[in-house]
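The structure under discussion appears below in the form of structure tokens.
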Amino acid sequence: MTRTARISLPTATYDIAIAPRALDEIGERLAYLFKSRRAFVVVDGNLPDALVENVLTRLDEAGFDAATSAIEAVETRKTIEVVSRLLHECALAGLDRGDPIIALGGGLTGDVAGFVAATYKRGCPIVQCPTSLLAMVDASVGGKTGVNLALPDGLRKNLVGSFHQPSLVLADLDALASLPDRQFRSGLGECLKHALISDAVDRDLWDWTASHMEHLLGRDANLLPQLIERGVNVKAHFVQSDEREQDTNSASSRMMLNLGHTFAHALEAIEGLTPADDLALREPAPRLLHGEAVAYGLLAAARAAHALGRLAESDARAIEAGVTSLGLPAHVQGPLDPARALSLMKHDKKAQGSRLRLVLPVALGRCEIVEAPDAGIVRDTIASIVSRD
Ligand SMILES: NC(=O)c1ccc[n+]([C@@H]2O[C@H](COP(=O)([O-])OP(=O)(O)OC[C@H]3O[C@@H](n4cnc5c(N)ncnc54)[C@H](O)[C@@H]3O)[C@@H](O)[C@H]2O)c1
């Protein structure tokens with residue numbers, strides 16, 4: 001059964017189709033959506049060959065002449081140089097403005113390919129085919145695209161980018177089969193975030209997610225489609241209320257989707273941070289994954305909200321339990337200097353001038369935007385998530 005969510009904006013309406021083997025339909029769906037029969041596929045280099053070949057075969061069967069280019073899904077390579085290479089390849093392939101670019105991969109591939117589509121010939125269509133849980137539930141929906149910049153004080157996440165809504169999102173649940181467990185758990189970090197801002201859309205989402213976490217971690221095939229659809233509906237609510245994140249104070253501001261992210265982006269900027277056990281040693285990159293950083297960001301946001309008198313202790317504990325139920329230790333280890341992290345947070349692209357602006361939970365499911373919170377409290381909160389070992 002295909003579950004379909006929909007984003008309706010003044011400038012764009014598109015479906016998010018969630019189903020096992022959803023990618024089998026890519027050829028016929030694109031042939032219906034576009035007059036063009038040429039496409040450019042940006043492929044995450046870690047995907048199994050069979051998955052990529054299936055997509056190319058389906059496109060070919062539907063009459064598409066598709067060029068492909070692989071990219072390396074590593075945050076330090078999510079750069080303007082990769083965008084430049086892909087733009088040159090689009091031009092050399094003779095891509096026209098009406099030809100779709102297809103992003104086949106995790107959130108990083110979607111952000112890069114989306115930015116290429118936003119800028120090539122001043123904008124051509126992008127079709128998002130997310131293959132990670134994080135990308136299915138979050139990154140592929142809502143139109144944010146972009147790349148990181150490496151500055152002397154650390155990696156600045158998504159500092160360059162554009163809003164460019166997809167024409168279609170195809171979330172193929174079978175694509176998750178090859179996703180490593182650590183990446184899957186990272187995606188559950190964003191699912192917890194959605195649950196913590198879900199009150200206006202889906203009041204039961206926090207309790208449901210927290211109570212099913214064990215089965216979700218086991219990738220229960222009955223629960224996963226529901227988790228993704230409900231998460232996408234939460235995201236759709238905020239994207240539809242405030243597409244370009246211009247609302248800085250109401251409960252339906254798109255900024256709510258940034259819960260935990262100001263902390264997370266600072267943690268991601270610092271090289272060498274890992275969850276405080278041997279999880280990271282099994283992966284080549286000595287860096288927190290995005291969803292892991294978000295999960296620690298949720299923990300920090302809950303502690304800061306409690307210390308600022310905005311969140312009950314029992315709710316702060318429930319958020320902490322939610323994060324540790326992902327199998328993440330409650331601490332990070334590595335060179336985390338709280339003062340440096342605070343300084344990075346003050347320069348986050350969401351900050352105004354160097355004034356800190358945070359989204360903080362006030363209940364399980366509800367958040368508020370807090371301007372210029374007490375910096376000492378925020379710094380102490382960051383210190384509380386560093387391992388003392
Ligand atoms: N645009 C947005 O709204 C938005 C929202 C959230 C996150 N993001 C961005 O998304 C990125 C995080 O997304 P992500 O967690 O998917 O990371 P990712 O794209 O880096 O993928 C994580 C890892 O999983 C691999 N992978 C992906 N799908 C796979 C599969 N099916 N089988 C095997 N390996 C697979 C990738 O090659 C990579 O090694 C970050 O760059 C973040 O900034 C964007």
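Worth saying up front: this structure is predicted, and the values here are computed from it rather than measured. For this chain, numbers begin at 1 and follow the sequence in order.
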Worksheet item: Are any side-chain N or O atoms of T209 and backbone N or O atoms of L192, one a donor and one an acceptor, separated by less than 3.5 Å?
Response: no
Worksheet item: Is it true that a side-chain atom of D172 and a backbone atom of L23 form a donor plus acceptor pair closer than 3.5 Å?
Response: yes
Discussion item. Looking at E368, is its backbone amide N or carbonyl O close enough to the side chain of R310 to form a donor-acceptor pair, meaning the two atoms are under 3.5 Å apart?
Written reply: no
Worksheet entry | Test side-chain contact (heavy atoms from CB on, under 4.5 Å) applied to F263 and L299, step by step | CA-CA 10 Å; F263 289 101; L299 199 69; over 6 Å; no
Practice prompt. Let me see the working for M213 and L188 under side-chain contact (heavy atoms from CB on, under 4.5 Å), right down to the final yes or no.
Written response: CA-CA 9 Å; M213 190 51 83; L188 286 171; 4.0 Å; yes
Practice prompt. Using atom types as modelled and distance alone, determine if a side-chain donor or acceptor of H164 lies under 3.5 Å from a backbone N or O of T119.
Written response: no
Discussion item. Apply side-chain contact (heavy atoms from CB on, under 4.5 Å) to residues R303 and E320 and explain how you reach the verdict.
Written reply: CA-CA 9 Å; R303 288 181 184 165; E320 188 150 341; 2.9 Å; yes
Discussion item. In the structure I gave you, are the side-chain heavy atoms of I71 and T109 within less than 4.5 Å of one another anywhere?
Written reply: yes
Item to complete: Taking K193 for its side chain and G260 for its backbone only, find out whether a donor-acceptor pair lies under 3.5 Å.
Response: no
Discussion item. Check whether H88 reaches the backbone of S84 with its side chain - one donor and one acceptor, N or O, closer than 3.5 Å.
Written reply: yes
Item to complete: If the plane angle is over 60° it's perpendicular, under 30° parallel, otherwise tilted; pick one for W208 and H212.
Response: tilted
Fill in: E89 and S69 side chains, donor-acceptor separation under 3.5 Å
yes
Worksheet item: Under 3.5 Å, is there a donor-acceptor pair linking the side chains of H261 and E190?
Response: yes
Worksheet entry | Salt bridge present between R219 and D181 (N-O < 4.0 angstrom) | yes
Discussion item. Donor-acceptor pair, distance only, cut-off 3.5 Å: does the side chain of D374 make one with the backbone of G376?
Written reply: yes
Practice prompt. Report, as yes or no, whether the 6.0 Å neighbourhood of atom CZ on R37 holds more than 12 heavy atoms from other residues, nucleotides or ligands.
Written response: yes
Discussion item. Looking at Y296 and A264, would you say the former's side chain and the latter's main chain have a donor-acceptor pair under 3.5 Å?
Written reply: no
Discussion item. Please check this pair: side chain of D242 against backbone of S253, looking for a donor-acceptor N/O pair closer than 3.5 Å.
Written reply: no
Discussion item. So if I apply the side chain to side chain contact (heavy atoms under 4.5 Å, CB included) rule between K235 and each of V201, V137, I7, D138, which one comes out positive?
Written reply: D138
Worksheet item: Does atom CZ of R317 have more than 12 heavy-atom neighbours, drawn from other residues, nucleotides or ligands, at distances under 6.0 Å?
Response: no
Worksheet item: How far apart are the C-alpha atoms of L59 and V41, what are their side-chain angles, what is the distance that settles it, and do they pass the side-chain contact (heavy atoms from CB on, under 4.5 Å) test?
Response: CA-CA 10 Å; L59 288 170; V41 191; 4.0 Å; yes
Worksheet item: What residue among K35, K121, R38 forms salt bridge (Lys or Arg N to Asp or Glu O under 4.0 Å) with D99?
Response: R38
Worksheet item: Name the one of V82, T145, I80 that satisfies side chain to side chain contact (heavy atoms under 4.5 Å, CB included) with V112?
Response: V82
Discussion item. Between D111 and K157, is the salt bridge (charged side-chain N to carboxylate O under 4.0 Å, His left out) condition met? List the steps.
Written reply: CA-CA 11 Å; D111 278 8; K157 287 273 300 181; over 6 Å; no
Discussion item. Under a 3.5 Å distance rule, please check whether D15 uses its side chain to pair with a backbone N or O of R6 as donor and acceptor.
Written reply: no
Practice prompt. Decide whether E75 and H290 meet the rule of one side-chain donor and one side-chain acceptor closer than 3.5 Å.
Written response: no
